[in-house]
Structures are given as C-alpha cells and as structure tokens.
Amino acid sequence: MRVIKYLRQANSGSAIAEFLIFTLPFFTVFLLLITTIQSKSLAVTESKNLARQSVRAFVTSPDDQLASLRAFQVINLYKSTLSPQSLINRPIELSITCLNYPCFSRGNQVTATIKVGSSVMASATEFVDLWR
C-alpha cells in the first residue's frame with residue numbers, strides 16, 4: 001500500500017521514459033511480425049510465379065524431349081539469381097505430373113508443383129496445345 005501511495009504522489013516520470021518503457025517494446029514486436037508476414041508472403045508469391053512459368057515452358061516446348069529440360073531450365077535460371085545462403089536455406093524442388101501419359105500429348109493436363117524449403121508449396125496447371 002505504501003508503494004501505491006508513493007507512486008500516486010511521486011510524478012517525476014517524463015513522457016520519453018513512458019514511451020520507451022511501454023510503447024517501444026510493442027512497436028519492436030509489431031515490426032518483427034510484419035517483417036515475418038512479408039517474407040512469407042513474398043515466398044508464396046515467388047513460388048506461384050515459378051510454378052506458372054515452369055509449366056508454361058513445359059507445354060510450349062516444340063517437342064517432348066525438350067519439355068522437361070525447359071521446365072527445369074526455368075528453375076535453374078531462377079536459382080542463378082539467388083545467393084548461396086538462400087539456396088541452402090530454401091531449396092527449390094520441381095515435380096511435373098500429367099493427367100495422361102505420354103505427357104506431351106494433345107490436350108493433356110500438366111501440373112507443375114514447386115516446393116520451396118519445407119513449408120511453401122505452389123502448383124500451376126496448363127494444357128498442352130490441341131493443335132500440335
């Protein structure tokens with residue numbers, strides 16, 4: 001009780017001290033949270049774009065022998081822009097699946113799935129041209 005009475009009587013704090021004690025920790029945690037959310041959102045957007053570009057390279061290739069090479073070339077070109085530390089922390093894996101086999105047949109549905117690291121996964125689906 002004496003402490004409460006003393007605190008009521010003693011009003012020697014300043015606005016800067018109150019700001020540092022109460023609001024600065026809140027803003028620090030808020031900044032860390034926003035940065036984490038932005039990083040995750042960027043990874044999801046990049047993986048969706050990479051999946052779309054890979055499947056597009058697959059279905060637009062001139063023949064079936066070049067289709068897989070072109071899809072994996074998109075991945076390799078993207079990896080060449082990343083730093084070595086980023087490549088270690090976020091490995092990128094591509095898998096291509098087809099509704100029917102052979103994959104490169106007219107009207108076939110092709111899906112490219114990209115896995116970045118252990119938590120981000122995206123896929124995109126395209127159809128092979130009907131007029132091949």
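Just so we're clear, the structure is a prediction, and the values are computed from it rather than from any experiment. Residue numbers run from 1 in the order of the sequence given. Side chains are part of it too, since the values below use all heavy atoms of this structure and drop only hydrogens, waters and symmetry mates.
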Margin query: Could you go through Glu46 and Tyr78, starting from their C-alpha distance and side-chain angles, then the distance that decides it, and tell me whether this counts as side chain to side chain contact (heavy atoms under 4.5 Å, CB included)?
Written below: CA-CA 10 Å; Glu46 285 178 340; Tyr78 178 74; 3.0 Å; yes

Notebook entry, point to check: Can you hop from Val55 to Phe72 via hydrophobic side chains spaced under 4.5 Å?
Noted result: yes

Item checked: Atom pair CD/OG of Glu126 and Ser54 - distance to nearest 0.5 Å -> 11.5 Å

Item checked: Closest contact, heavy atoms only, Phe127 versus Gly107 -> CD2-O, 3.7 Å

Margin query: For a side chain to side chain contact (heavy atoms under 4.5 Å, CB included) check, start with the C-alpha distance between Gln38 and Leu42, then their side-chain angles and the critical distance, and finish with the verdict.
Written below: CA-CA 6 Å; Gln38 186 269 342; Leu42 183 63; 4.3 Å; yes

Check: Between Pro62 and Arg70, what is the shortest heavy-atom contact and its length?
Finding: CD-NH1, 3.3 Å

Note to self: So which atom in Val110 and which in Cys98 form the shortest heavy-atom distance, rounded to 0.1 Å?
What the structure shows: CG2-SG, 4.3 Å

Checklist line | Closest heavy-atom pair and its distance - Ser47, Val120 | finding: OG-CG1, 3.3 Å

Checklist line | Cys103 SG to Gln109 CD distance, which is reported to the nearest 0.5 Å | finding: 11.0 Å

Checklist line | Straight-line distance of Ser80 OG to Leu87 CG, nearest 0.5 Å | finding: 9.0 Å

Note to self: For a quick test of reading the model, state the closest non-hydrogen atom pair linking Ile92 to Lys79 and the distance between them.
What the structure shows: O-NZ, 3.5 Å

Next item on the list: Under the side chain to side chain contact (heavy atoms under 4.5 Å, CB included) rule, what do Leu94 and Val74 come out as? Steps first, then yes or no, please.
Entry: CA-CA 10 Å; Leu94 169 66; Val74 170; over 6 Å; no

Check: What are the two closest heavy atoms between Ala122 and Ala51, and how far apart are they?
Finding: O-CB, 4.0 Å

Check: Among the clusters formed by ILVMFWY side chains lying less than 4.5 Å apart, do Ile96 and Phe104 turn up in the same one?
Finding: yes

Checklist line | side chain to side chain donor-acceptor pair (under 3.5 Å) between Ser119 and Lys40, worked out | finding: CA-CA 10 Å; Ser119 61; Lys40 180 76 169 178; 3.3 Å; yes

Next item on the list: Mind checking the CG-CZ spacing from Leu32 to Phe27? Nearest 0.5 Å is all I need.
Entry: 13.5 Å

